[in-house]
Amino acid sequence: MDPVIALYTVLLAVALGLSGFVRGDARRRGRGLLLAAALAGFMLVAATSALVNATSVAGMILTALAVLFAAQSATTAFSLLWREICCEPPAKTRPMPPTHPLKSGSLVPESSAKSTKTAMLP
Amino acid sequence: MNVGMQIDLIGWFALIAILAAVQGLSGQQKSGRAPWPKAAVGLLILAMGMMLSSVLLTSDGSNTLLAGIMILLGMAAAPLSARRKDQPKAVDEQAAIEPEAGGQDSILGGLALITIGGGLSVALLGLTGWLETDHDAYTWDLRLIAVVGLFIGVWTFAAGLMLWLRLNGYLPQSTPTRTQQRVVFAVFTFALGLGALAVIYPAVASILMSLMVILALELGALSALSVAITSTTRVLGRHLGLIGAAIAMLGYVQASLFLLALGGLIVAGAVHYLRGRVDFYQIKTPFDSSR
């Protein structure tokens, strides 16, 4: 394959993905992370293609194991994504994202953690 | 790598289905909900089925049965890694502070297992690519992709394994230090240097690649241990992005525009998670409890 065509295709896909994936609400980012994991499950297609075209015994064994792990990974990703969708509350009861500033990368609102810590002190 | 999947009409339809599914899952209505999330997951599964069918049905049939068995075995093993954990094993200070942290650990543990499986798969495909490539001067790009794939796969596998062990309380909590990060950078640079030498000098590549794999294992362990446990999603996002890059490289080797475009989409999706806060609807946070 022509490397220039490959590079253009990847760049276009990255630009499309950057505009398509959600960036706002933290909870929707969680779903987006699972969506990226589910898309990474398409590694199974590449692994299966490598297996059906394997020419040596060593290649066949290695690619068969690759297919096994890729199938496990893809099914797990789809399962977690489906569970996340089923857990989304209805629109009326959907919690709004917190308005106070959060520490970057934190899984728990800082103020909530601090208040819980204070409450646990003797 | 002597594989050579040419993209056909099915691949374009699958790509359209995937793009529609991304829109259905990440778009937003006025109510704040995604437009049609369940149908979007159905579209993703349909796209996966279409691509697998096209790959299996267009092959010569010699390994089709083996491929089908392996796919079924992998799917059967998945519920073990996606199960919901009711009683978290990790009883540390953070779990005592957050009553719902076990659920968060559970879903992050599932994502760590996904990176373990994806990393192993990428590493095995990279190794296959190295074994099945002629070591001539004009195949340097295929050798480079095989070595980079092996490096990414082993690094992702080790990082996912270490994260899973940390999230399940099998490893002690550690505080990242500046020295750890310097060591990570040094190991990363040294491993990349060895990989480059393996591409340039294929005659001595076995030793160089063995050393690179050992360093990649160490790099994965160090990079997963040298971050705070609250930054787990950053590490997972980084390695999902690396898997996306590996898929794009496989697309180049297999002459598949479908895999190239999909790899780019995954890299773009993973970029968002390198910074900021990530929550899940499956997890009830203290913020929700207070409402």
Side-chain angles (χ1 to χ4, degrees), chain A residues 1 6 9-10 13-14 17-18 20-23 26-27 29-30 33 35-37 39-40 42-43 45-53 55 58-59 62-73 75-77 79-80 82 84-85 87-88 91 94-95 98 102 105-109 112 116, chain B residues 2-3 5 22 25-26 31-33 37 41 51 55 59 63 66-67 70-71 73-75 77-78 81-82 97-98 110 114 117-118 120-121 124-125 128 132 230-231 240 243 247-248 250 252 255 257 259-262 264-270 272-273 277-282 286-288:
Chain A
M1 172 176 270
T9 309
V10 171
V14 169
L18 283 175
F21 277 88
V22 68
R23 276 160 287 186
R27 297 211 140 188
R29 280 215 297 266
L33 185 60
L35 175 57
L39 291 183
F42 278 83
M43 162 69 67
V45 176
T48 309
S49 172
L51 174 58
V52 298
N53 290 291
T55 52
L62 290 174
T63 49
L65 287 173
V67 168
L68 174 74
F69 290 118
Q72 180 263 337
S73 166
T75 315
T76 306
S79 167
L80 287 177
W82 182 258
E84 176 72 9
I85 287 167
C87 288
E88 184 178 6
R94 184 173 177 271
L102 292 170
S106 172
L107 297 171
V108 181
S112 306
T116 320
Chain B
N2 188 16
V3 280
M5 178 183 71
V22 169
L25 277 164
S26 29
S31 62
R33 291 171 65 86
V41 176
M51 285 310 293
V55 168
S59 69
N63 293 336
L66 178 62
M70 284 301 171
I71 291 171
L73 279 177
M75 289 172 69
S81 51
I97 293 169
E98 313 167 38
I114 290 171
L120 271 175
S121 185
L124 290 168
L125 288 176
T128 311
E132 297 200 349
T230 50
S231 303
L240 281 177
I243 291 176
I247 291 176
L250 277 169
Y252 174 75
L257 287 176
L259 290 177
L260 277 170
L262 194 68
L265 274 180
I266 297 168
V267 170
H272 292 308
Y273 310 105
R277 179 169 172 260
V278 175
D279 273 349
F280 299 95
Y281 282 118
Q282 300 176 47
F287 168 70
D288 297 333

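We use all heavy atoms of the structure for the numbers below, so side chains are in, but hydrogens, waters and symmetry mates are not. Predicted model, so just to flag it, every value in this text is computed and none were measured. Naming: A, B, ... by sequence-line order, numbering from 1 per chain.
- Closest non-hydrogen pair, T48(A) versus A67(B), comes out as CG2-CB, 4.1 Å.
- In this structure, M75(B) CE and L68(A) CG are separated by 12.5 Å, a value rounded to the nearest 0.5 Å.
- Considering all non-hydrogen atoms of both residues, V52(A) and S59(B) come closest at CB-CB, 3.7 Å.
- Taking CD of E132(B) as the start and OG1 of T63(A) as the end, the distance is 7.5 Å to the nearest 0.5 Å.
- I114(B) contributes atom CD1, which lies 5.0 Å from atom CG of L80(A) (distance to the nearest 0.5 angstrom).
- Shortest non-hydrogen contact noted between S121(B) and A70(A) is OG-CB, 3.5 Å.
- Here the closest non-hydrogen pair linking A36(A) and G269(B) is CB-C, 4.5 Å.
- When all heavy atoms of A71(A) and M70(B) are compared, the closest pair comes out as CB-O, 4.3 Å.
- Atoms OG1 and CG, from T9(A) and L257(B) in turn, are 5.0 Å apart once rounded to the nearest 0.5 Å.
- Contact count against chain B (heavy-atom pairs under 4.5 Å) is highest for A13(A) among A13(A), A6(A), A47(A).
- In this structure, the portion of L240(B) lying under 4.5 Å from any heavy atom of chain A is its side chain and not its backbone.
- Distance CE/M43(A) to CG/L262(B): 9.5 Å, rounded to 0.5 Å.
- In this structure the side chain of L120(B) never reaches within 4.5 angstrom of the side chain of L65(A), judged on heavy atoms.
- Residues V10(A) and V267(B) are not in side-chain contact: their nearest non-hydrogen atoms beyond the backbone lie 4.5 Å or more apart.
- Between atom CG of residue L124(B) and atom CZ of residue F69(A) there is a gap of 7.0 Å, rounded to the nearest 0.5 Å.
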Would V67(A) and L66(B) satisfy side-chain contact (heavy atoms from CB on, under 4.5 Å), going step by step from the backbone distance to the final call? CA-CA 10 Å; V67(A) 168; L66(B) 178 62; over 6 Å; no

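- The two residues L259(B) and F42(A) have their closest heavy-atom pair at CD2-O, 4.3 Å.
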